[in-house]
**Student:** 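After the structure tokens below, expect a handful of questions from me.
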Amino acid sequence: MKTVYTCFCTDVIHDGHLNILREAGKLGKVIVGCLSDAALIRYNKFPTVSQEERVKMYRSLPGVEQVVIQEKMHYDDVISLIHPDYVVHGDNWKNGPESAIRAHVQKLLEKYGGELIDIPYTYNEQVRKIDLQLREKLAMPEFRRKRLRQLISMTPVVKAMEAHSGLTGLIVEKTVVEHEGKLDQFDAMWISSLCDSTAKGKPDIELVDMTSRFRTIDDITEVTTKPIIFDGDTGGLTEHFVYTVRSLEKMGVSAVIIEDKKGLKKNSLFGTEVKQTQATIEEFSEKIAAGKKAQLTDDFMIIARIESLILEQGMEDALTRAKAFVKAGADGIMIHSRKKDPAEILEFCDKFRESDSTTPIVVVPSSFNVITEEELAQHGVNIVIYANQLTRSAFPAMKQTAEDILRYHRAKEVDDRLMSIKEIITLIDEI
Ligand code: SPV
Ligand code: MG
């Protein structure tokens, strides 16, 4: 009896999967792999049912002899364990970033004479509808909100990218790359006060009001499913912050980060070049505690951002504040720096971790951008936020196009570097 292996990464079984099992069954005894949660979040969509439930579900399917966990996206471990005569998969992985995984499987099978069988992907109304329903479920406030906490426990480092509009949200949602045979994607979105303000042509001084910031969240939640970390600036007056917490929770936002400044807030990357005032430990602790008291779900996170290094108040001050803010109820600590060298960030993380091994640490490596996510994770960082890079890449491109059209009195010279009209009109999914 020949052995057939197929890896599933779905939460819902549809005609397509049943067809794969039927075809696989014609070739021999069928072993189904359940792609682990950790691999799934990089490869495909976030799982809406647990790994254990998926295993149970796959086990109950007709013709399935055995279910194994496939820990990694790459098939190396399962193939060396099972040595299948055949690996079967829907032929949709022949295109796009997944084709690198397929090519790798083919190489592994060739080594011992195994065979890869691509089964024509089932495109029908039921499959289409199930896909859309799954997406919808992921986008619901109660699912989206809890995902940040889930991700923190699933992956060594959660990667968030700035979004300030429906379009930038879609870029964060859909960008998947293949690098050295592995797929990767962002986990979450950061709604930056700097980029939200900049997109509106306004300075980053809490001038864009909350109603407008909420509109941005709305635009993004309309078209995406990934969790949102909201830049809440100083949080405003404590009396106002409690309302903000409730609104954000309701919208399905996972976390708000508020910074320990008061008065006129300016962007941290100005550092001490402009006058900025840090709130006292007592003042800021009170705001955190009030926010925690106001929130209604267990999922929502209030993360305290410490500006001591930005305002040159020293490491001891930053650490004292971190401990106090955790005691006041903060669900995480964001430590910020505008130095190019990541040394002070790493020193903070190492010292904080000496006495606190669990509270999530968030960093924003805009200035200290040489350090990798992996190195940051080794120092106890849980969330890395790329806070402004989409805005900073779009702006020069748009400016150059505007200048060149003025220079040449026509658009021909810029056309080569533009997205085609066909691409732009098909960029957005139709219902
Ligand atoms: C933002 O993106 O608005 C931030 C991060 O607050 S920073 O600009 O680095 O202060
Ligand atoms: Mg900000």
Side-chain angles (χ1 to χ4, degrees), residues 158-165 168-169 171-172 186 188-210 212-214 216-217 220 227-236 241 244 248 253-279 284 287 301-313 318 321 330 332-342 344-345 348 361-371 376 381 383-395:
V158 174
K159 298 182 285 206
M161 170 55 101
E162 174 259 314
H164 58 268
S165 61
T168 47
I171 290 174
V172 185
F186 291 106
M189 292 173 279
W190 163 246
I191 304 194
S192 149
S193 67
L194 171 67
C195 300
D196 203 359
S197 308
T198 303
K200 292 171 170 56
K202 298 275 172 64
D204 181 19
I205 53 171
E206 296 187 276
L207 174 65
V208 177
D209 68 20
M210 263 316 154
S212 173
R213 304 280 321 274
F214 290 169
T216 304
I217 297 178
I220 292 170
I228 291 172
I229 307 172
F230 182 72
D231 178 357
D233 289 318
T234 65
F241 180 56
T244 304
L248 293 172
V253 169
S254 301
V256 62
I257 301 189
I258 51 169
E259 57 195 274
D260 60 353
K261 285 199 206 126
K262 64 180 179 183
L264 181 62
K265 185 225 85 149
K266 302 245 174 98
N267 185 274
S268 298
L269 302 174
F270 281 124
T272 51
E273 291 158 29
V274 294
K275 187 171 162 26
Q276 308 206 57
T277 316
Q278 213 170 3
F284 200 63
K287 196 181 286 185
M301 300 173 78
I302 297 179
I303 298 174
R305 162 172 169 175
I306 295 165
E307 293 286 293
S308 304
L309 303 181
I310 293 281
L311 300 173
E312 296 174 8
Q313 296 303 302
R321 283 171 176 266
I333 293 295
M334 173 181 150
I335 184 67
H336 207 14
S337 161
R338 63 184 198 122
K339 297 229 164 97
K340 272 201 153 316
D341 184 343
E344 65 176 8
I345 286 287
F348 174 91
I361 302 178
V362 184
V363 298
V364 178
S366 302
S367 306
F368 47 100
N369 54 19
V370 289
I371 193 154
L376 288 164
V381 169
I383 302 178
V384 172
I385 296 176
Y386 296 98
N388 48 43
Q389 285 79 3
L390 289 189
T391 294
R392 285 165 59 208
S393 57
F395 194 84

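Atoms within a ligand are numbered from 1 in the order they appear, just like the ligands themselves.
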**Student:** Check ligand 1 against His336 and write out every atom of the ligand that is under 4.0 Å from a heavy-atom position of the residue.
**Tutor:**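 Here the atoms of ligand 1 in question are 7 (S), 9 (O), 10 (O).
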**Student:** Does an N or O from Leu194, backbone or side chain, lie closer than 3.5 Å to an N or O of ligand 1?
**Tutor:**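 Min N/O separation from ligand 1 is below 3.5 Å for Leu194.
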**Student:** Show me which atoms of ligand 1 lie under 4.0 Å from any heavy atom of Leu269.
**Tutor:**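 The list of qualifying atoms is 8 (O), 9 (O).
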**Student:** So do the side chains of Arg213 and Asp233 get within less than 4.5 Å of each other, counting heavy atoms only?
**Tutor:**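 The answer is yes, as the side chains (C-beta and beyond) meet within the 4.5 Å cut-off.
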**Student:** Tell me the protein heavy atom at minimum distance from atom 2 (O) of ligand 1, and give that distance in Å.
**Tutor:**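 The closest one turns out to be Ser192 OG, 2.8 Å.
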**Student:** So is Ser366 polar-close to ligand 1, meaning N/O to N/O under 3.5 Å?
**Tutor:**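 So ligand 1 has no N or O lying under 3.5 Å from an N or O of Ser366.
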**Student:** Is there a side-chain contact between Ile220 and Val172 in this structure, where contact means two heavy atoms from C-beta onward sitting under 4.5 Å apart?
**Tutor:**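 Side chain of Ile220 against side chain of Val172, heavy atoms only: no contact under 4.5 Å found.
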**Student:** At under 4.0 Å between heavy atoms, is it the side chain or the backbone of Asn267 that contacts ligand 1, or both, or neither?
**Tutor:**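 It is the side chain that gets close, since no backbone atom is under 4.0 Å.
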**Student:** Before you tell me yes or no, could you show the steps for Lys261 and Gln276 under side chain to side chain donor-acceptor pair (under 3.5 Å), namely the whole-Å CA-CA distance, both residues' side-chain angles and the distance that decides it to 0.1 Å?
**Tutor:** CA-CA 7 Å; Lys261 285 199 206 126; Gln276 308 206 57; 3.0 Å; yes
**Student:** From the N, O or S atoms in Asp231, identify the one nearest to the Mg ion (ligand 2).
**Tutor:**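 The nearest such atom is OD2.
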**Student:** Any N/O/S atom of Ser268 sitting less than 2.8 Å from the Mg ion (ligand 2), backbone or side chain?
**Tutor:**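 No, since none of the N, O or S atoms of Ser268 sits under 2.8 Å from the Mg ion (ligand 2).
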**Student:** Would you check if the side chain of Glu312 reaches a backbone N or O of Ile310 as a donor-acceptor pair within less than 3.5 Å?
**Tutor:**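 Checking the backbone N and O of Ile310 against the side chain of Glu312, no donor-acceptor pair under 3.5 Å is found.
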**Student:** Any Lys/Arg nitrogen of Asp204 or Lys265 sitting under 4.0 Å from an Asp/Glu carboxylate oxygen of the other?
**Tutor:**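 Yes, Asp204 and Lys265 are salt-bridged.
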**Student:** Near Ala387, which atoms of ligand 1 are under 4.0 Å from a heavy atom of that residue?
**Tutor:**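 Close to Ala387: 2 (O).
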**Student:** At a non-hydrogen distance cut-off of under 4.0 Å, which region of Arg305 contacts ligand 1 (side chain, backbone, both, or neither)?
**Tutor:**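 Looking at Arg305 and ligand 1, just side chain atoms fall under 4.0 Å.
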**Student:** If you measure only the distance, is there a donor-acceptor pair under 3.5 Å linking the side chains of Ser192 and Glu162?
**Tutor:**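 No donor-acceptor contact under 3.5 Å links the two side chains.
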**Student:** Within the structure provided, determine whether Ile257 and Asp231 are in side-chain contact (heavy-atom separation under 4.5 Å).
**Tutor:**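 They are not in contact (no side-chain heavy atoms under 4.5 Å apart), so the answer is no.
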**Student:** For ligand 1, does Asp231 get within less than 4.0 Å through its side chain, its backbone, both, or neither, judged by non-hydrogen atoms?
**Tutor:**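 Contact part for Asp231 vs ligand 1: side chain (C-beta onward).
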**Student:** Any chance NZ of Lys200 has more than 12 other-residue heavy atoms, nucleotides or ligands included, within less than 6.0 Å?
**Tutor:**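 Yes, because the 6.0 Å sphere around NZ of Lys200 holds more than 12 heavy atoms from other groups.
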**Student:** Does this structure show an ion pair linking Glu273 with Arg338, if we count only N-O contacts that are shorter than 4.0 Å?
**Tutor:**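 Arg338 and Glu273: salt-bridged.
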**Student:** Against heavy atoms of Ser268, which atoms of ligand 1 measure under 4.0 Å?
**Tutor:**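 Listed by number with element, the hits are 10 (O).
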**Student:** Applying a heavy-atom cut-off of 4.0 Å, say which part of Glu259 lies close to ligand 1: side chain, backbone, both or neither.
**Tutor:**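 The answer is neither.
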